[in-house]
Amino acid sequence: MKDVLVIGAGGVSSVAVHKMAKNPDLFGKITLASRRQFKCDAIAKSVKERFGVDIATAQVDADDVDATAALIERVKPALLVNLALPYQDLTLMDACLKAGVHYLDTANYEPRDVAKFEYHWQWDYQQRFKDAGLMALLGSGFDPGVTSVFATYIKKHLLDRIDTLDILDCNGGDHGQHFATNFNPEINIREITAPARHWENGEWIETPALSKRQVFNFDQVGAKNMYLMYHEEIESLARHLPEIKRIRFWMTFGDQYLKHLEVLQNVGMTSIEPVLYEGREIVPLQFLKAVLPEPSTLGTTTKGKTNIGDIATGEKDGAQKTVYVYNICDHEDAFAETGNQAVSYTTGVPAMIGAALMLNGTWKGEGVFNMEQFDPDPFMDMLNQHGLPWQVKELPEPLKF
Ligand code: NDP
């Protein structure tokens with residue numbers, strides 16, 4: 001059975017649903033449910049206009065386990081694809097266990113009141129998914145997701161041993177706005193303002209947020225400032241590929257973006273501590289989200305490319321070697337195909353691919369899994385077939401920083 005239930009109707013979901021509908025050999029009936037049904041209906045209309053495929057829509061509050069389980073029992077999908085927010089990961093995993101269906105997401109659980117994204121909450125579901133004979137696939141987006149699969153591809157085909165891994169995420173796109181985030185602003189700003197952490201010789205090294213900068217020349221984008229950050233795939237890669245001595249994550253930000261962020265931070269607008277406003281508690285960051293452009297509206301104006309990949313140094317046939325595996329995605333091409341910019345596209349396509357590999361049994365298991373625990377080859381083939389082609393380069397020397 002290939003029927004799928006997608007939860008959440010933002011930019012990532014829109015891309016994933018368009019891609020699922022475009023591939024009827026991989027997916028059966030598609031049902032899209034979210035907090036506000038009109039968002040699902042808008043995606044369904046676009047899918048119908050572009051590909052002539054009908055998808056069903058529904059309303060659901062994914063924080064409500066019983067309501068979600070009841071929806072699952074009515075729709076009877078083989079798989080639930082969680083493209084809502086990280087806050088809903090645990091309730092949706094509970095609903096899957098209750099209704100007996102497999103689970104997939106693109107971002108790890110984050111409690112609302114602590115900006116800390118760690119895997120242990122979801123890894124704790126291992127036994128329950130195993131006992132139920134169900135599979136949960138965590139982090140099937142680009143980073144985490146594709147970057148994790150690139151690491152296992154490097155390990156399988158390019159290096160006998162990986163010593164250091166650097167994940168480089170560059171968005172060279174310009175949306176023409178003074179300040180906007182390319183995916184959910186609340187999640188995005190929580191991630192960027194958290195202290196940087198990387199993995200080195202078996203322990204976490206923490207440095208202040210945005211305090212370590214390097215310049216890197218990205219293929220088809222050019223030289224950009226990139227900053228050391230914490231990112232969730234470091235935690236799972238350190239666990240599943242323990243031979244790697246150092247794992248770091250870098251993301252590019254423009255000066256204009258950082259200037260706005262600094263001011264917003266200084267005046268307290270990025271805080272997640274509730275404040276009293278006219279007799280009512282509000283969370284400054286949630287208010288900020290409400291006044292910023294919705295990421296899904298940026299597609300019409302965004303130009304340029306993303307370039308995201310892994311640089312690994314290690315040993316091949318007894319000699320040191322450095323390899324770079326990366327994908328370049330064009331914002332305007334992504335928008336022409338699905339009506340969404342490249343940041344949503346590069347997340348929604350891997351979500352569709354992970355779902356397809358689970359539905360056809362290519363990736364299967366009982367319990368909770370991260371992407372790097374499976375054979376990378378079928379995933380890498382599908383990236384090439386479904387709009388995210390990748391390339392491999394050998395670099396003359398390891399990164400100098
Ligand atoms: P959006 O904010 O655009 O979309 C989230 C959707 O979830 C919205 O439609 C929202 O509803 C819905 N939603 C929120 N709360 C609930 C709820 N309680 N019940 C039902 N639906 C709910 O986010 P994005 O599309 O940009 O991101 C989606 C996910 O992808 C996030 O988890 C994000 O962290 C992850 N991501 C992962 C990346 C990766 O590479 N791995 C990269 C980028 C994003 P409403 O429309 O009513 O607000």
Side-chain angles (χ1 to χ4, degrees), residues 137 139-140 142-170 197-205 212 214-221 223 226 228-229 231-251 306-329 346 350 353-354 357 362-365 369-386 388-401:
L137 182 61
S140 191
F142 206 102
D143 41 346
V146 176
T147 52
S148 328
V149 174
F150 282 172
T152 44
Y153 180 85
I154 291 169
K155 172 73 186 159
K156 183 171 177 186
H157 297 287
L158 306 176
L159 298 176
D160 300 326
R161 190 191 69 232
I162 305 177
D163 294 329
T164 63
L165 182 74
D166 285 271
I167 299 168
L168 277 59
D169 178 331
C170 167
R197 258 191 302 162
H198 74 273
W199 185 252
E200 195 159 343
N201 295 321
E203 57 183 82
W204 291 107
I205 313 283
K212 292 228 181 308
Q214 293 293 338
V215 177
F216 189 83
N217 196 4
F218 289 91
D219 188 15
Q220 295 186 42
V221 175
M226 60 178 194
L228 189 70
M229 277 185 43
H231 224 243
E232 61 206 62
E233 63 266 53
I234 302 178
E235 187 186 12
S236 70
L237 285 166
R239 176 175 171 147
H240 296 123
L241 289 170
E243 69 183 28
I244 311 181
K245 294 190 188 74
R246 190 190 67 204
I247 311 175
R248 299 183 298 188
F249 183 95
W250 305 86
M251 192 179 270
T306 62
N307 176 330
I308 315 174
D310 291 14
I311 295 181
T313 296
E315 205 175 84
K316 180 72 181 168
D317 301 329
Q320 191 190 60
K321 190 172 172 183
T322 298
V323 292
Y324 187 15
V325 183
Y326 61 95
N327 159 264
I328 293 169
C329 183
T346 52
I353 295 174
L357 292 176
T362 307
W363 279 9
K364 65 169 181 251
F369 297 88
N370 292 94
M371 303 290 285
E372 60 272 15
Q373 291 177 268
F374 293 100
D375 180 6
D377 293 350
F379 196 97
M380 295 291 276
D381 288 345
M382 286 185 75
L383 286 173
N384 280 333
Q385 292 157 21
H386 295 278
L388 293 177
W390 44 273
Q391 36 197 312
V392 178
K393 257 190 195 160
E394 184 171 343
L395 300 186
E397 55 186 4
L399 288 175
K400 284 270 196 264
F401 46 82

Hey, are the side chains of Val146 and Leu383 touching, using non-hydrogen atoms and a 4.5 Å cut-off?
yes

Does either side chain, that of Glu372 or that of Thr152, offer a donor lying less than 3.5 Å from an acceptor on the other one?
no

List the steps and the verdict of side chain to side chain contact (heavy atoms under 4.5 Å, CB included) for Gln391 and Asp219.
CA-CA 11 Å; Gln391 36 197 312; Asp219 188 15; 4.2 Å; yes

Ring pair (Phe, Tyr, Trp, His ring centres under 6.0 Å) partners for Tyr326, two or more places apart
Tyr324

I'd like to know whether Leu228 forms a side chain to side chain contact (heavy atoms under 4.5 Å, CB included) with His198, so could you lay out the CA-CA distance, the side-chain angles of the two residues, the decisive distance to 0.1 Å, and finally the verdict.
CA-CA 8 Å; Leu228 189 70; His198 74 273; 3.8 Å; yes

Please list, chain by chain and in numerical order, all residues satisfying side chain to side chain donor-acceptor pair (under 3.5 Å) with Asp310, sequence neighbours excluded.
none

Has the side chain of Lys321 got a donor or acceptor atom that lies under 3.5 Å from a matching backbone atom of Leu159?
no

Determine, stepwise, if the pair Glu243 / Ile162 fulfils side chain to side chain contact (heavy atoms under 4.5 Å, CB included).
CA-CA 7 Å; Glu243 69 183 28; Ile162 305 177; 3.7 Å; yes

Hits for side chain to side chain donor-acceptor pair (under 3.5 Å) against Gln385, two or more places apart or cross-chain, chain-then-number order -> none

Looking at residues at least two apart in the chain, or sitting in another chain, which of them share a side chain to side chain contact (heavy atoms under 4.5 Å, CB included) with Ala319?
none

Please report the closest heavy-atom contact between Leu357 and Pro378, naming both atoms and the distance.
CD2-CB, 4.0 Å

Close side-chain approach of Phe216 and Ile311, heavy atoms under 4.5 Å
yes

Rounded distance [0.5 Å steps], CD1 in Ile244 versus NZ in Lys155:
8.5 Å

With His240, which residues qualify under ring pair (Phe, Tyr, Trp, His ring centres under 6.0 Å), at least two apart?
none

Have Asp169 and Trp250 got a donor and an acceptor in their side chains that come within less than 3.5 Å?
no

Residues two or more places apart in sequence or in another chain: which of them pass side chain to side chain contact (heavy atoms under 4.5 Å, CB included) with Pro389?
Asn327, Asn384

Non-hydrogen atoms of Pro398 and Gln320 that approach each other most closely:
CG-OE1, 3.6 Å

In the structure I gave you, are the side-chain heavy atoms of Val325 and Leu158 within less than 4.5 Å of one another anywhere?
yes

Could you tell me whether the side chain of Gln373 and the main chain of Asn370 form a donor-acceptor pair under 3.5 Å?
yes

Main-chain N/O of Gly145 paired with Ser148 side-chain donor or acceptor, under 3.5 Å:
yes

In short, Ala223 meets Asn217 closest at the heavy-atom pair N-OD1, 3.2 Å

Taking every heavy atom of Ser140 against every heavy atom of Pro350, the minimum-distance pair comes out as OG-O, 3.0 Å

Only counting residues at least two apart or in another chain, list the ones meeting ring pair (Phe, Tyr, Trp, His ring centres under 6.0 Å) with Trp199.
Trp204

Rounded distance [0.5 Å steps], CZ in Arg197 versus CD1 in Ile234
8.5 Å

Side chains of Lys156 and Pro376: does their closest heavy-atom pair fall under 4.5 Å?
yes

Not counting sequence neighbours, which residues clear side chain to side chain donor-acceptor pair (under 3.5 Å) with Gln220? List them please.
Lys305

For Phe249, what residues pass the ring pair (Phe, Tyr, Trp, His ring centres under 6.0 Å) criterion, not counting sequence neighbours?
His231

Side chain to side chain contact (heavy atoms under 4.5 Å, CB included) filter on Thr164, not counting sequence neighbours, yields Arg246, Thr313

NZ/Lys316 to CG/Asp160 distance, rounded to the nearest 0.5 angstrom?
4.5 Å

Go through it in stages, so that I can follow the logic: the residues are Met380 and Val149, the test is side chain to side chain contact (heavy atoms under 4.5 Å, CB included), and I'd like the CA-CA distance, side-chain angles, deciding distance and then a yes or no.
CA-CA 8 Å; Met380 295 291 276; Val149 174; 3.8 Å; yes

To the nearest 0.5 angstrom, please state how far the CE atom of Met226 sits from the CZ atom of Arg248.
7.5 Å

I need the Leu388 CG to Ile353 CD1 distance, nearest 0.5 Å.
6.5 Å

Mind checking what makes side chain to side chain donor-acceptor pair (under 3.5 Å) contact with Asp163, not counting sequence neighbours?
Arg161, Lys245

Can you tell me how far CD of Glu233 sits from CZ of Phe150, rounded to the nearest 0.5 angstrom?
11.5 Å

Residue pair Ile167 / Leu237, side-chain heavy-atom distance below 4.5 Å:
yes

Can you name the residues that form a side chain to side chain contact (heavy atoms under 4.5 Å, CB included) with Lys364, not counting sequence neighbours?
none

Are the aromatic rings of Phe369 and Trp363 close, with centres under 6.0 Å apart?
no

